[in-house]
Novice: 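Right, I'll just put the structure down here and ask away after.
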Amino acid sequence: MSTDTTASAAAAPSLTSVFVRLKLSLLRNGLRQSGGRTAAYITSIVLGALFAAGMVLGFVLLRGHASAVTVAVLVTGVLALSWTVMPLFVPSGDETLDPSRLVMLPLLPRPLVRALLVASLVGVGPVLTFLLTLGAALSLAHGAAGTVVAVLAVPLSTVTCVALSRSVAAANIRLLTSRKGRDLALLSGLVIAIGMQLVNFGAQRLGRAGGLGPLEPAASVVGWLPPAAAIGAVDSASRGDHAVAAARLLLTAAALVALVYWWRRSLVRLMVEPDGSTIGAAADAKAGGKSGTGLLARLLPAGRTGAVMERSLRYAWRDPKTKAAWVTSLAIGLIVPIFNAFQGAGSIYFACFASGMLGMLMYNQFGQDTSAFWMVAQTIATPADAYAELRARALALLSVTVPYTVFVTVVTAAVLGDWTKLPEGLGLAFGLLGAMVGTGAVTSARFPYSVPQDSGYKNVVPGQAGLAWISIFGGMITAAVLSAPLIAATIYLHVSDQQSLLWLLLPAGPLYGALLVLAGLKLAAPRTAGRLPEILTAVSKG
């Protein structure tokens, strides 16, 4: 019996080889599901290979250049940062390595971590990372010492990046599989948009500087942060600083050990500790069912207005799609005027971009409710009910957008250093905001469409794209036309050299905007009450 047991144990494959074969099988079977998925995967491989080849060629051409170490170290640092945030913003990007799927299996932590780490190296991402770090090392390796260190640094950097990504994912897996994690994934587009603005701003600054000199202090710091420290070690060894090279390599190796240890501890906690569903229920029971969210209700007016405002604001905080729209509008509305002001090409009128972005949140108010709108429809029997509903929704929006518009305009004026244009900037911004809110109320009643809840990337269900285009762009054009009187008054005062009267736009803009909001609500109320069945049908298709 003991001989047979020993023989079978010896013939059993290792856990690492099982996980590698499992990863390959899952990838292969996933590609067989549809031709589109296969084409997308092949396209990503081709594009990744072309990108990697171009980067390696660029690194080779940098050999001997004074800025080679700056580029190599910073590229490696950005690569490590990408691996760090990738599981936070794309939690479902690699479901085959979700450790929560293994909690019921009798696996020990140490061999499990080893198997997962090796399996994680299978894929387009790790290969692309290996090629990029290889190019970075080639641009810095000179002499026998530099070559030897490069041979050690390239795989060490690649494995550290992968271990960093998996340890972060394991530590936050319960967050990433919860509603808050899905909210975080929806905000990835916002992070990309902000990152693109930062890259654009940095590129322009570097273009004016005429070189990479401003990045050298950052490279000197990043060069001591793993895994970029391993690439920095190649440069140190090539220059003869063998002690510094050894220190950087040891620092990266120590970071890898620490990451693997953290990963192992996270797996142990994941497999032996209860999840948040039972803990949360127990905590709620001990709290006696108190929600602790009464402050918002106390700040809002009583009656239907306060109830609808609270519901709208809670949607903005809790619903992933609504939250993504709010955060995107708030961030982009601030980034565009501020970045243009910092670059010296800005104007106080760019603050109107915030008004436009925030005003668009009024569009398709009922579509944001999806099928839950039938509960709202039960409370609307007359145009007066519809007016009260729309007015409360507009007030909820304005409670945030009005102070935010003031904030963006004031900050833009401060960055520009021209406070004399603040009154006209605020007046135009408030006028445009009122026009957007007013037209948004009308288009919400006239052109409602459904927002799908089963996709984090689609905002219109199939077949309603035309309604969405008419609602958004038709409303924006109408709002621009309605804002024409304020724009014309501003131009006239400038052309006629009457700048001393531009302060009149400060009271005129909010007053005109308020009139447009009231007019839009008055027009939308009877249409909303008379078209409830059509609205309910349109918004419930998702």
Novice: Any side-chain heavy-atom pair from L505 and P423 closer than 4.5 angstrom?
Specialist: no
Novice: Begin from the C-alpha positions of L132 and F51 and carry the test side chain to side chain contact (heavy atoms under 4.5 Å, CB included) through to its verdict.
Specialist: CA-CA 9 Å; L132 291 179; F51 174 75; 4.2 Å; yes
Novice: Side-chain contact test, heavy atoms from C-beta onward, threshold under 4.5 Å: evaluate it for T528 versus Y387 and give yes or no.
Specialist: no
Novice: Counting only N and O atoms by type, is there a donor-acceptor contact under 3.5 Å from the side chain of T443 to the main-chain atoms of I472?
Specialist: no
Novice: Can you see which heavy atom on G431 is nearest to which on L486, and at what distance?
Specialist: CA-CD1, 3.6 Å
Novice: Which atom pair, heavy atoms only, marks the closest approach of L300 to G306?
Specialist: CD1-O, 3.6 Å
Novice: Between CH2 of W374 and CD of Q378, what distance do you get to the nearest 0.5 Å?
Specialist: 6.0 Å
Novice: With a 4.5 Å limit on heavy-atom distance, are the side chains of F130 and L121 in contact?
Specialist: no
Novice: Any side-chain heavy-atom pair from V406 and F430 closer than 4.5 angstrom?
Specialist: yes
Novice: To the nearest 0.5 Å, how far apart are CG in L428 and SG in C352?
Specialist: 5.0 Å
Novice: Tell me, do V162 and T129 make a side-chain contact under 4.5 Å, heavy atoms counted?
Specialist: no
Novice: When rounded to the nearest 0.5 angstrom, what distance separates OH in Y315 from OG1 in T322?
Specialist: 8.5 Å
Novice: Show your working on side chain to side chain contact (heavy atoms under 4.5 Å, CB included) between L532 and F373 and close with a plain yes or no.
Specialist: CA-CA 10 Å; L532 279 179; F373 178 69; 3.9 Å; yes
Novice: Should the ring pair Y349 and H494 be called parallel, tilted or perpendicular, given that the plane angle runs from 0 to 90° and is split at 30 and 60?
Specialist: perpendicular
Novice: Would you indicate whether the side-chain heavy atoms of R391 and L395 approach each other to under 4.5 Å?
Specialist: yes
Novice: For residues G356 and M436, report the shortest heavy-atom separation together with the two atoms involved.
Specialist: O-CE, 3.4 Å
Novice: Search all heavy atoms of G48 against all heavy atoms of L128 and return the closest pair with its distance.
Specialist: O-CD1, 3.6 Å
Novice: Could you walk me through whether F353 and I332 pass side chain to side chain contact (heavy atoms under 4.5 Å, CB included), step by step?
Specialist: CA-CA 8 Å; F353 198 88; I332 302 301; 3.7 Å; yes
Novice: Return the minimal non-hydrogen interatomic distance between A435 and L482, and the atom names on each side.
Specialist: CB-CB, 4.2 Å
Novice: Compare every heavy atom of S355 with every heavy atom of L433, then report the nearest pair and how far apart it is.
Specialist: CD1-O, 3.9 Å
Novice: Using 0.5 Å steps for rounding, measure from the CE atom of M360 to the OG1 atom of T439.
Specialist: 10.5 Å
Novice: Answer whether the closest heavy-atom distance between the side chains of K421 and S347 falls below 4.5 Å.
Specialist: no
Novice: Between F350 and V408, is any pair of side-chain heavy atoms under 4.5 Å apart?
Specialist: no
Novice: Regarding T379 and R304, is there a side-chain donor-to-acceptor distance under 3.5 Å anywhere?
Specialist: yes
Novice: How long is the span from the CG atom in L358 to the CG atom in L398, to the nearest 0.5 Å?
Specialist: 10.0 Å
Novice: Is it the case that the side chain of Y363 and the backbone of G475 share a donor-acceptor pair, with hydrogens and angles ignored and the cut-off at 3.5 Å?
Specialist: yes
Novice: What is the distance from atom OG of S450 to atom CD1 of I535, rounded to the nearest 0.5 Å?
Specialist: 13.0 Å
Novice: For the pair R166 (side chain) and L116 (backbone), establish whether a donor and an acceptor sit closer than 3.5 Å, ignoring hydrogens and angles.
Specialist: no
Novice: Quick one: does any side-chain atom of Y404 pair with a main-chain N or O of L330 as donor and acceptor, under 3.5 Å?
Specialist: yes
Novice: Check the pair L397 / W326 against side chain to side chain contact (heavy atoms under 4.5 Å, CB included), numbers first and verdict last.
Specialist: CA-CA 10 Å; L397 178 66; W326 268 92; 3.5 Å; yes
